[in-house]
Amino acid sequence: MTASPDPILAPLAAEAKRLSARSIADLFADDSARFDEFTWSLDGLTLDLSKQRLDGAALESLAAFAAGRGLEDWRTRFFAGEDVNATEGRPALHMALRARPEDGLPFADEVAAERSRQAAFAQAVKSGDKRGSTGRRLRHIVHLGIGGSDLGPRLVHAALKRFCDPQIDVRFAANIDPADINDALEGLDPEATLVVVVSKSFSTEETLQNALAARAWLAEHLQDASAAGRHVVAITARPDRAQEFGVAEDAVFGFEDWVGGRYSLWSAVGLSLQIALEDGAWEAMLDGARAMDRHFAEAPLKENLPVLKALTDLLNAQGFGYATRCVAPYASRLGLLPAFLQQLEMESLGKHAGLDGGLAAGSHPVVWGEPGTNAQHAFFQQIHQGHFIIPVDFIAPVEGGEARPDMQTRLLANCVAQSEALMRGRSLEDVRAEMAAAGEDEAEIARIAPHRVCPGDRPSTTILLERLDPARLGLLLALYEHKTAVEGALRGINTFDQFGVELGKQLAGGTLPALKGEGAADPASAGLVAAIREAQKGA
Ligand code: F6P
């Protein structure tokens, strides 16, 4: 892989070149205290960078690079609510959503008022004070949203299942594929259903179409359009549009423009969770994220978990040129974490232009992954033996909160073993010796041994969570949010806009009439459109 040629990132390329002279196993052999020196902990979250190709000099050099790029000043501006989202001329203040008044973040009063309103509504649904139009308790929540209006709530709902009221059934629909909304509504009692329409812009086609379908379903079953309206709430930064759509003013929960969609989980976007989670769990998650905020804001760069994670990931991608990064949560309930991080990181950092008017420095790696141990039976073959080096983030709750603790221990054993195997590999000599000890003849050894070699020396990070609970989940998600922001600041890009998603939406607007026979398709797509129309005739 080739390192980024961008002069801004030259220090990373230089460090990578220097570090290439030593294997990760050598770095361990050189220093018996390596694990202690390359792990950092905060409130039950441990960041283990010891299996990354790092040494003490690299940490010094990377921290100096960050300081030289003005990260500390940027961090101050970030928390002060300055317009770090420079292209859209607004702050990025998702931390304010989980702050306490004493933290001194802007908009504390507005946030407190909105949080109280959300809590009161959630409590009213949970207690039965807020009921459906026919007096039934609301037991089904249908959460409609996409991207940041979906991924965070969906992830948290799955991750914190053990902290949710089993009496409250939350379903999600995001895609405009009718299968999503059809599955979400299937079997629900409309009299006991609350539809939560989540859209920061309140202009996203998928969400509005899903909302129309859900509202029609309610009206059909309740046989009263106005009654249907009492089963719908909207979460948006555009209450005007929600009211135009027909949502009652007192059923709209707002959030501000200075909350980016992929950073909005902590706002009213999480209302479905506030209803579903047991008392105190939502606040505990916000408090966990707040603990990471305070740490990020105050800790020196060389002891700062988001900064250290960002610098390690930057070194791998921009220094060593590793083009992808795998996220492997060793917890089925964190199965949606890779998808959440795909939007968080790739929509934040997959940028073309730099804030200085030139091109963005470097390119963000493709983020992907699946839970372990499933991943071991799907793509770890390539991670172990493929030519591309793919750094892995292993995320492992030590206590999963499940029955059968022996299985949990076996899960953890697999997680640790995978990071060890990636680092140590298995040499041809090792394989030959193993096969000889097993009695294989020389011809068979010569034939097979090369195929069993694992190059090793492959980097990974392990993040341990004491347990999978609201506070640790908040810490973890805030860690990645701030790591993402640090990477953007150091690369000189705007982490908080997403102009790249506009073109496809615009083109879809032109393709739809062509598919309906009401307009001409782009010549390059005309054949596809014709084939689709033909197939639809036959359908
Ligand atoms: O993918 C583009 C995007 O604007 C995301 O940034 C956002 O989370 C998603 O679409 C949904 O947007 P909205 O919440 O406005 O419906």
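As the structure lists them, so they are numbered: ligands from 1, and atoms in each ligand from 1. Small disclaimer: the values here were computed from a predicted structure and weren't measured. We use all heavy atoms of the structure for the numbers below, so side chains are in, but hydrogens, waters and symmetry mates are not.
The shortest contact between atom 8 (O) of ligand 1 and any protein heavy atom is with Gly148 N, 2.7 Å. Nearest non-hydrogen protein atom to atom 11 (C) of ligand 1 is Ile146 O, 3.3 Å. Annotation: atom 12 (O) of ligand 1 to nearest protein heavy atom, Thr204 OG1, 3.5 Å.
Residues Glu82 and Trp74 have side chains that never bring a donor and an acceptor to within less than 3.5 angstrom of each other. Side-chain contact annotation: Glu347 with Gln343, donor-acceptor N/O pair under 3.5 Å present. In this model, no donor atom of one side chain and acceptor atom of the other lie less than 3.5 Å apart for Asp180 and Asn210.
Considering backbone and side-chain atoms alike, Gly261 places every N or O at 3.5 Å or more from each N or O of ligand 1. Remark: ligand 1 and Glu347 share an N or O pair separated by less than 3.5 Å (distance only, no angle test).
The heavy atom nearest to atom 10 (O) of ligand 1, considering only Glu206, Arg262, Glu205, Lys505, is found in Lys505.
The distance from ligand 1 to the heavy atoms of Gln343 drops below 4.0 Å at these ligand atoms: 5 (C), 6 (O), 7 (C), 8 (O).
Proximity of the aromatic rings of Tyr263 and Phe496 is defined here by a centroid distance below 6.0 angstrom, and this criterion is met.
With respect to Asp287, the salt bridge (charged side-chain N to carboxylate O under 4.0 Å, His left out) criterion is satisfied by exactly one of Arg100, Arg472, Arg294: Arg100.
The aromatic rings of His482 and Phe78 stand perpendicular to each other, their planes meeting at an angle above 60°, with 30° marking the opposite boundary.
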